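A short write-up of the structure that comes next.
Bear in mind that the values here come from a model prediction, so they are computed numbers and not experimental data.
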Amino acid sequence: MTPTIVGMTAGAVLAFAALVFGFWGFLLMLALVLCGAVVGRIIEGKLDLRGVFDALSGRRSSS
């Protein structure tokens, strides 16, 4: 699937959650979707946690 279709689907799911569960349900759904996206990127190998932690702790490198 293209990123456009994935984005449209995610938007539709979040809009549905906002309609059904209200504002707090929307925020919970958004947080869970973001957690799922991060876990998916880690499993695919497209996100390096060591690099993220190094950047957050101030130990950035150019390599």
Side-chain angles (χ1 to χ4, degrees):
M1 291 196 319
T2 65
T4 302
I5 292 175
V6 172
M8 289 172 41
T9 304
V13 168
L14 290 174
F16 180 75
L19 288 173
V20 173
F21 302 115
F23 179 72
W24 295 110
F26 167 76
L27 288 181
L28 177 62
M29 178 76 76
L30 180 63
L32 293 175
V33 166
L34 290 175
C35 288
V38 169
V39 169
R41 298 286 284 190
I42 292 169
I43 290 172
E44 288 180 350
K46 294 184 178 181
L47 181 63
D48 179 26
L49 286 180
R50 184 176 304 150
V52 172
F53 289 133
D54 287 347
L56 290 175
S57 66
R59 292 182 291 171
R60 300 178 188 192
S61 67
S62 61
S63 59

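Residues Val13 and Ile5 do not share a hydrophobic cluster, clusters being chains of Ile/Leu/Val/Met/Phe/Trp/Tyr side chains in contact below 4.5 Å. Phe23 and Leu19 fall into different hydrophobic clusters, where Ile, Leu, Val, Met, Phe, Trp and Tyr residues are linked whenever their side-chain heavy atoms come under 4.5 Å apart, directly or through other members. Criterion: ILVMFWY side-chain heavy atoms under 4.5 Å apart, direct or through other members. Under it, Val39 and Leu47 are not part of a common hydrophobic cluster. Hydrophobic clustering (side-chain heavy atoms under 4.5 Å, transitive across Ile, Leu, Val, Met, Phe, Trp, Tyr) keeps Trp24 apart from Leu28. Note: the hydrophobic cluster containing Leu32 does not contain Ile43 (ILVMFWY, side chain heavy atoms under 4.5 Å, direct or indirect links).
In the hydrophobic clustering (ILVMFWY side chains linked at under 4.5 Å, chained through shared members), Phe21 is joined by Phe16, Val20.
Applying the side-chain hydrogen bond (donor to acceptor under 3.5 Å, both in side chains) test to Ser57 and every residue at least two apart in sequence or in another chain returns Arg59.
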